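First the structure, which I've put down as structure tokens, then a few questions once you've had a look.
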Amino acid sequence: MRPDGSSNRAIAEIVGYPANGVFVPLDRETEAIDLPILGAIPPELDGLYVRNSFNSHPVRAAKCPHPFLEDGMIHGVRLQGGRACWYRNRWVVTDTLASATGRSAPGGPPDRCWSATNPANVGLTPHAGRLLAMCETGMPYALDAALETLGRFDFNGGLAASMTAHPKRDPETGDLHFFNYWPRRPNVTYFAADSAGRITRRESIDVAGATVMHDFAITQRFAVFIDQPLLFERPPRPGGGMPFRWAPEYGSRIGLLDLQRRGVPVRWFDIDVCYIPHVLNAFDDLEHDEVVLRAVLGDACYLTGLPLPDSPSLSMHEWRLSLSTGRVSEACIADVPGELPRIDERRIGRPHRYGYSAQVRMEYGWQAFGGLFKYDFGTGTVTRHDFGAHAASSEPVFVPASHASAEDEGWVLSYVYDARIDRSRLVILDAQHFAQAPVASVELPQRVPYGAHGAWVAHDALSPTDGPSCP
């Protein structure tokens, strides 16, 4: 029960959630040690699996007009030596959360973003010894290995205002590539930071207007931007919600920023009007002098207030940009309703064969997830892992068996909610035997609510290296 005597389910319905467990936020932070395991956790898995979720604090729930504006809560499981050492969930202590709850305000530099609210509820990435929690606006918040908030992170003074939730790390250099977007010019700015967290490059991107650019990609030669007709709405929609509108007359195009030469204008390629919510990967096809982008083609209705479709309108598409002719070819390469796509991160910006995503199904007017998909672009096939009608998966994250292992030699991790018991588990699949039963399931003490993105954090990626030790 919440402090005012109402249940969290009732509060969830007030802010627009359906009366369904996976959509209901949690009321408290907790932790559990030495978690029960069904099966056997591969001993090579030594690190922390984390995922963000939309989870308003009880004192703020009625003030959030849209789930995407809710407080970020991080859920983590520490794996080591075949054991699930601990689970814990922690709110990201943002300025807004601290002010509403009386917690100590986060440290770090002042946030000079155009938006006063940064819930840090979308993405997570380890960098420069810290785990960064990100949203669409504001500086990222740094967390330690115990998921406690350290404060705002400005890349050693190099970031003045904002960072979005989909940075890309070059697997060879360790450089982190990212961008921000604003409702005023310059609408989009690109950044690169080295492995120590120092900004090494900053470039304004000449988009056509106030586009909402959620994701992008990199190759070894280019940063790849998507200028599309999801735009900021002025004035914001009455009654709150997301301040966006769909404007097909704006058009869609893909831009390439040269990463090897500075001062070269972005080269734009017009494409058919569409909405691309998330990118799987991009890479250089040197043989054909093309840049290849693979991404989800979807519908922006859940961000604009337009009516939701009866069934998911999602598929995986490929765009090939010819550098010699300027022409673009597009093809649907997997006609299944997959979202939150991920790859083996050792292949970011490189040619790849495999990918993974969560199966989307429409429930209660919201996107929910069912099973998981594995894409094999070499054979053109898609394999589905089915958890059952009672289950809701989350974004899959691939973890390689070793630094030298094959592209799909490793495991796929995902939090899976079980509606029968209103709890979640961490599921570990063998990527090479994707449809088979999990190699291990870690039972969690509570549900992991609906959320977006997560990460695998190797044991030595954060400082201190291990966080709370295994009991």
Side-chain angles (χ1 to χ4, degrees), residues 164 166 168 177 179 181 186-190 203-232 244-259 264-304 306 309 312-341 343 348-349 351-352 355 357 375 377 380:
T164 53
H166 284 286
K168 311 296 181 187
H177 301 259
F179 67 97
Y181 65 86
N187 297 102
V188 176
T189 304
Y190 158 82
E203 298 268 359
S204 296
I205 306 302
D206 60 335
V207 293
T211 185
V212 177
M213 188 183 293
H214 180 65
D215 202 354
F216 85 133
I218 61 169
T219 74
Q220 291 179 277
R221 296 187 295 168
F222 299 101
V224 184
F225 297 93
I226 304 166
D227 190 9
Q228 56 189 354
L230 182 64
L231 306 179
F232 281 96
F244 307 144
R245 66 183 178 91
W246 182 247
E249 68 279 3
Y250 180 88
S252 295
R253 58 182 185 163
I254 298 171
L256 302 181
L257 173 69
D258 197 313
L259 296 180
V264 178
V266 174
R267 183 176 179 183
W268 292 102
F269 297 76
D270 291 330
I271 62 174
D272 291 340
V273 172
C274 63
Y275 176 61
I276 299 173
H278 288 111
V279 165
L280 177 65
N281 195 28
F283 56 90
D284 302 308
D285 183 344
L286 299 179
E287 179 182 356
H288 298 96
D289 197 26
E290 294 176 335
V291 171
V292 181
L293 173 67
R294 290 173 175 166
V296 173
L297 192 66
D299 193 319
C301 55
Y302 63 97
L303 292 170
T304 62
L306 295 173
S313 54
L314 293 160
S315 53
M316 184 67 68
H317 279 234
E318 177 180 278
W319 290 262
R320 287 185 166 267
L321 316 179
S322 173
L323 299 179
S324 57
T325 68
R327 295 175 181 171
V328 180
S329 63
E330 177 189 347
C332 177
I333 54 175
D335 191 14
V336 295
E339 244 285 41
L340 309 182
I343 64 166
I348 288 177
H352 67 111
S357 70
Y375 307 97
F377 300 110

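No experiment lies behind these values; they were computed from the predicted model shown.
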Which residues pass the ring-ring contact (aromatic ring centres under 6.0 Å, His included) test with Phe222, not counting sequence neighbours?
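Testing Phe222 for ring-ring contact (aromatic ring centres under 6.0 Å, His included), a comparison that skips the adjacent residues, returns none.
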For Ala223 versus Leu259, what's the shortest heavy-atom pair and its separation?
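Answer, listing the atom of Ala223 first, then Leu259: N-CG, 3.6 Å.
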Between Tyr250 and Leu231, does a side chain to side chain contact (heavy atoms under 4.5 Å, CB included) hold up when you go through it step by step?
CA-CA 9 Å; Tyr250 180 88; Leu231 306 179; 3.8 Å; yes
What distance separates Ile226 CD1 from Ile271 CD1, expressed to the nearest 0.5 Å?
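Nearest 0.5 Å value for the CD1-CD1 distance: 7.5 Å.
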Would you call Tyr275 and Leu303 a side-chain contact if the rule is heavy atoms closer than 4.5 Å?
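With C-beta onward as the side chain, the pair touches.
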Do the non-hydrogen side-chain atoms of Met213 and Ile205 ever get within less than 4.5 Å of each other?
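Sidechains of Ile205 and Met213: no contact.
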From Asp272 atom CG to Glu330 atom CD, the distance as rounded to the nearest 0.5 Å
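Rounded to the nearest 0.5 Å, the CG-CD separation comes to 5.5 Å.
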How many angstroms lie between atom CD1 of Ile333 and atom CG of Leu297, to the nearest 0.5 angstrom?
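Rounded to the nearest 0.5 Å, the CD1-CG separation comes to 11.0 Å.
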Would you please classify the geometry between the Phe232 ring and the Phe244 ring as parallel, tilted or perpendicular, with 30° and 60° separating the classes?
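Ring orientation of Phe244 relative to Phe232: perpendicular.
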Do the side chain of Thr164 and the main chain of Phe179 share a donor and acceptor less than 3.5 angstrom apart?
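Yes.
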Would you call Gln228 and Ile276 a side-chain contact if the rule is heavy atoms closer than 4.5 Å?
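Gln228 vs Ile276: side chains touch.
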If you compare all heavy atoms of Ser315 against all heavy atoms of Cys332, which two are closest, and at what distance to 0.1 Å?
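Between these two residues, the closest heavy atoms are CB-SG, 4.0 Å.
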State yes or no: are the ring centers of Phe216 and His166 separated by less than 6.0 Å?
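No, they do not, as the ring centres are separated by 6.0 Å or more.
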For Val328 and Ile254, what are the C-alpha separation, side-chain angles and deciding distance, and is it a side chain to side chain contact (heavy atoms under 4.5 Å, CB included)?
CA-CA 10 Å; Val328 180; Ile254 298 171; 5.7 Å; no
A side-chain contact here means heavy atoms from C-beta on lying under 4.5 Å apart; do Phe377 and Arg294 qualify?
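Phe377 reaches Arg294 side chain to side chain.
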Considering only heavy atoms from C-beta outward, does the side chain of Leu323 approach that of Arg221 to under 4.5 Å?
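Yes. Closest side-chain heavy atoms under 4.5 Å.
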Working note: His278 + Leu340, criterion side chain to side chain contact (heavy atoms under 4.5 Å, CB included); need CA distance, chi angles, decisive distance, verdict.
CA-CA 7 Å; His278 288 111; Leu340 309 182; 3.7 Å; yes
Closest approach of Ser204 to Pro186 (non-hydrogen atoms, all atoms of both residues):
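Looking at all heavy atoms of both residues, the shortest contact is OG-CB, 3.8 Å.
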Side-chain heavy atoms of His214 within contact of Tyr181, under 4.5 Å:
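When only atoms from C-beta onward are counted, Tyr181 and His214 do not touch, as no gap falls below 4.5 Å.
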Heavy-atom pair with the smallest gap, counting every atom of Gly251 and Val273:
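In this case the closest contact between Gly251 and Val273 is CA-CG2, 4.0 Å.
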Under 3.5 Å donor-acceptor, Tyr190 side chain and Leu257 backbone:
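No; zero donor-acceptor contacts below 3.5 Å.
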On a heavy-atom basis, which atom in Ala208 and which in Arg253 lie closest, and how many Å separate them?
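Closest approach of Ala208 to Arg253, heavy atoms only: N-NH2, 3.3 Å.
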Does Tyr375 reach the main-chain N or O of Ser357 with its side chain, forming a donor-acceptor pair under 3.5 Å?
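No, the answer is negative, given that no donor and acceptor are paired below the 3.5 Å cut-off.
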Nearest 0.5 angstrom please: Asp289 CG to Asp284 CG, how far?
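The CG atom of Asp289 sits 9.5 Å away from the CG atom of Asp284.
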Could you check whether His288 and Arg320, counting side-chain N and O atoms only, form a donor-acceptor pair closer than 3.5 Å?
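Side-chain D/A pair, Arg320 to His288: absent.
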CZ/Arg245 to OG1/Thr304 distance, rounded to the nearest 0.5 angstrom?
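Reported to 0.5 Å precision, the distance equals 11.0 Å.
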Just to verify, what does His317 make a ring-ring contact (aromatic ring centres under 6.0 Å, His included) with, not counting sequence neighbours?
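For His317 the ring-ring contact (aromatic ring centres under 6.0 Å, His included) partners, ignoring immediate neighbours, are Trp319.
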Could you grab the distance from atom OG1 of Thr211 to atom CG of Asn187, nearest 0.5 Å is fine?
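Answer for the OG1-CG pair, Thr211 versus Asn187, is 8.5 Å.
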A side-chain contact here means heavy atoms from C-beta on lying under 4.5 Å apart; do Val188 and Asp227 qualify?
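Counting from C-beta outward, Val188 and Asp227 never come under 4.5 Å.
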Examine distances only and state if a side-chain atom of Asp299 and a backbone atom of Cys301 form a donor-acceptor pair shorter than 3.5 Å.
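Yes; at least one donor-acceptor contact below 3.5 Å.
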Glu287 CD: over 12 foreign heavy atoms closer than 6.0 Å:
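No.
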Taking the side chain as C-beta and beyond, is there a heavy-atom pair between Leu256 and Val291 under 4.5 Å?
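Side chain of Leu256 against side chain of Val291, heavy atoms only: contact under 4.5 Å found.
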Apply the side-chain contact (heavy atoms from CB on, under 4.5 Å) test between Val224 and each candidate in Ile218, Thr219, Asp215, Asn281; give the one that qualifies.
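The single option meeting the side-chain contact (heavy atoms from CB on, under 4.5 Å) with Val224 is Thr219.
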Closest non-hydrogen atom pair between Gly298 and Leu314, with its separation:
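It is CA-CD2, 3.6 Å.
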